[in-house]
Protein chains: 2
Amino acid sequence: MAAPARPTQPRRSDATRAAILRAARERFAADGYERATIRAIAADARIDPSMVMRYYGSKEGLFAAAAEFDLRLPDLTVVPSERLGETLVRHFLARWEGDETLVALLRAASTNPGAAERMRGIFTDQLASAVATSGTGETVTARRAGLVASQILGLAFTRYIVRLPPMVDVEPEELVSWIGPTLQRYLTGRPGN
Amino acid sequence: MAAPARPTQPRRSDATRAAILRAARERFAADGYERATIRAIAADARIDPSMVMRYYGSKEGLFAAAAEFDLRLPDLTVVPSERLGETLVRHFLARWEGDETLVALLRAASTNPGAAERMRGIFTDQLASAVATSGTGETVTARRAGLVASQILGLAFTRYIVRLPPMVDVEPEELVSWIGPTLQRYLTGRPGN
DNA sequence: GTCTATAATTCGATAGAC
DNA sequence: GTCTATCGAATTATAGAC
């Protein structure tokens with residue numbers, strides 16, 4: 001009907017939407033889902049709180065948009081099989097320190113059912129499919145991915161959420177040398193030693 | 001002054017206090033600190049909300065009382081050194097499944113600074129002192145304890161909070177056989193393989 | 001597109017009767 | 001010791017002016 005001639009022209013509101021998402025990620029990461037208020041997010045983004053509602057419908061809708069996340073796992077089939085563990089730890093550390101979205105999701109997942117569901121999706125779909133190796137059953141693959149998730153999320157929880165001093169102070173490469181072999185065993189080893 | 005002759009006589013209010021604490025642990029474990037309301041806790045305990053305030057002063061005070069926790073770590077000096085890992089995993093699993101206080105603390109620690117501080121205290125004081133072995137420096141001991149905490153808390157987070165299916169469905173002894181060796185290496189091994 | 005004003009809840013906390 | 005009543009503050013969400 002009244003479609004504009006240039007559908008790809010950036011709308012003026014895009015900048016506002018982006019500012020809202022950036023502020024939302026910060027607040028959700030710092031305070032969790034319940035304590036992060038739309039008012040505070042709007043104040044950070046220098047806009048009116050009602051704009052948040054207009055653009056994202058509800059607080060849940062805002063969180064869903066702000067917590068969109070891709071682990072960006074590398075193609076593990078081209079990684080030497082004996083270096084899978086250290087590759088994953090290094091990748092996750094970089095991914096975690098460079099994007100606060102994952103911290104926001106982690107904090108919110110503790111109390112918000114929707115965030116927990118999204119967390120399950122990410123670590124079930126993205127991680128499980130990335131570590132799937134031909135020749136092993138689904139149950140075994142899922143279990144290996146679950147164990148990897150437990151150590152990765154435990155690392156993030158102690159380092160970024162609870163901030164246990166020894167886990168905060170340690171150098172990233174030191175973490176790689178300790179946790180890399182753990183993931184390696186979860187991915188390619190057997191239970192027992 | 002007017003001290004009663006039998007100071008050890010149980011007061012009638014003790015039963016009420018205990019009921020409040022039990023309900024509080026359930027709610028904090030299920031909903032986290034912010035979503036658990038004093039009104040809901042009082043309803044579960046079949047008492048008036050104002051009683052909670054009277055007995056515990058504030059919501060923070062109630063949480064502090066409800067989240068009192070002891071890991072009850074066994075004496076690790078009598079455990080054969082090569083079985084430290086599996087012993088710890090088995091102990092933590094039993095401790096976690098048998099007492100929802102730890103789940104309440106874990107959920108609350110994600111968003112409540114006081115709960116996070118308590119979590120740090122538990123895993124710094126109780127765990128670090130339990131794994132302290134003579135002859136190694138403080139920094140190394142603290143790092144080993146931190147790594148153990150990261151895997152234990154990651155196990156709890158994925159199994160009891162996020163409820164990742166492969167971590168929920170797996171048998172406890174299967175977890176012991178996978179995670180036990182991890183803790184063993186964190187406690188007595190070296191970085192690298 | 002942006003903002004003011006406010007509706008409708010809900011919460012923690014307090015005062016005080018019995 | 002227990003309960004009723006309520007305060008004051010904060011929240012999400014909506015209606016509508018400009």
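Letters A, B, ... mirror the listed sequences (proteins, then strands); counts begin at 1. These numbers come from a predicted model, not from an experiment.
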Minimum heavy-atom distance B:Val162-A:Ala116, with the two atoms named = CG1-O, 4.0 Å
How many whole angstroms separate atom [atom1] of [X] from atom [atom2] of [N]?
X: B:Tyr56; N: C:dG12; atom1: OH; atom2: C1'; value: 18 Å
X: A:Met53; N: D:dA13; atom1: CE; atom2: P; value: 4 Å
X: A:Glu34; N: D:dA10; atom1: CD; atom2: C1'; value: 15 Å
X: B:Arg54; N: C:dG12; atom1: CZ; atom2: C1'; value: 18 Å
X: B:Arg39; N: D:dA5; atom1: CZ; atom2: P; value: 14 Å
X: B:Arg27; N: C:dC11; atom1: CZ; atom2: C1'; value: 14 Å
X: A:Asp48; N: D:dT14; atom1: CG; atom2: P; value: 15 Å
X: A:Lys59; N: D:dT11; atom1: NZ; atom2: P; value: 9 Å

query = Counting side-chain heavy atoms from C-beta on, which of C:dT2, D:dG1, C:dG12 comes nearest to B:Met51?
reply = D:dG1
ask   = Is the backbone N or O of A:Ala36 less than 3.5 Å from a side-chain atom of A:Arg27, with the two atoms forming a donor-acceptor pair by type?
value = no
ask   = Between B:Ser110 and B:Tyr33, is any side-chain donor less than 3.5 angstrom from a side-chain acceptor?
value = no
inquiry  = Regarding B:Glu97 and B:Tyr160, do their side chains bring together a donor and an acceptor under 3.5 Å, going by distance alone?
reply    = yes
ask   = Touch check for A:Ser50, heavy atoms < 4.0 angstrom, all strands: base, sugar-phosphate only, or nothing?
value = base
ask   = Touch check for A:Tyr55, heavy atoms < 4.0 angstrom, all strands: base, sugar-phosphate only, or nothing?
value = sugar-phosphate
